[in-house]
Engineer: 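Take this structure first; my questions come after.
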Amino acid sequence: MSEQAHTAVTVPEPTPEVAAQLLDVVADHSVDHALSDIERMIARLRADAVEAAEAREVLRNTPAAVLREALRLRAAARIGATR
């Protein structure tokens with residue numbers, strides 16, 4: 001997303017028009033930040049989905065005996081860590 005040019009506002013005296021201008025600047029800035037945050041969140045979710053798909057594929061291609069042994073070793077490690 002491109003950065004929008006900030007609107008320069010000079011404030012000779014506080015008037016309703018000046019206040020409205022300032023609110024417009026703040027609103028534009030907040031929307032830009034919100035959209036940027038949403039874009040980052042979507043990118044992170046997509047990356048997580050790709051990683052999850054890769055993990056599922058690895059699990060599908062791993063023999064059951066290897067998975068059982070891994071679970072057994074993990075359980076043994078947990079038991080050993082609590083002693």
Side-chain angles (χ1 to χ4, degrees):
M1 188 179 308
S2 65
E3 283 291 320
Q4 294 179 338
H6 293 283
T7 306
V9 178
T10 57
V11 185
E13 69 177 71
T15 64
E17 293 79 18
V18 170
Q21 252 186 327
L22 289 171
L23 288 173
D24 287 343
V25 170
V26 169
D28 288 344
H29 187 65
S30 295
V31 168
D32 188 45
H33 275 279
L35 290 174
S36 182
D37 290 345
I38 290 169
E39 287 173 339
R40 280 194 300 275
M41 182 178 59
I42 290 170
R44 201 173 4 168
L45 289 171
R46 285 182 177 153
D48 290 347
V50 168
E51 187 177 336
E54 291 169 353
R56 282 191 303 274
E57 189 64 26
V58 167
L59 286 172
R60 283 188 194 112
N61 293 322
T62 303
V66 172
L67 293 174
R68 278 192 295 277
E69 181 64 11
L71 288 172
R72 186 191 69 72
L73 290 172
R74 183 176 71 176
R78 284 186 180 162
I79 292 168
T82 59
R83 289 185 183 184

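Heads up: numbering here begins at 1 and tracks the sequence. Note that these values count all heavy atoms, side chains included, but never hydrogens, waters or copies made by symmetry.
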Engineer: To the nearest 0.5 Å, what is the distance between CD on Glu57 and OG1 on Thr62?
Structural biologist: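 The CD atom of Glu57 sits 9.5 Å away from the OG1 atom of Thr62.
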Engineer: Out of curiosity, Asp37 CG to Ile42 CD1, how far, rounded to the nearest 0.5 Å?
Structural biologist: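 Here the rounded value is 11.0 Å.
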Engineer: Which residue pairs pass the salt bridge (charged side-chain N to carboxylate O under 4.0 Å, His left out) test with at least one member in residues 64-81, sequence neighbours excluded?
Structural biologist: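 Matches after skipping sequence neighbours: Glu69-Arg72.
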Engineer: Does any non-hydrogen side-chain atom of Met41 lie less than 4.5 Å from one of Leu45?
Structural biologist: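 The answer is yes, as the side chains (C-beta and beyond) meet within the 4.5 Å cut-off.
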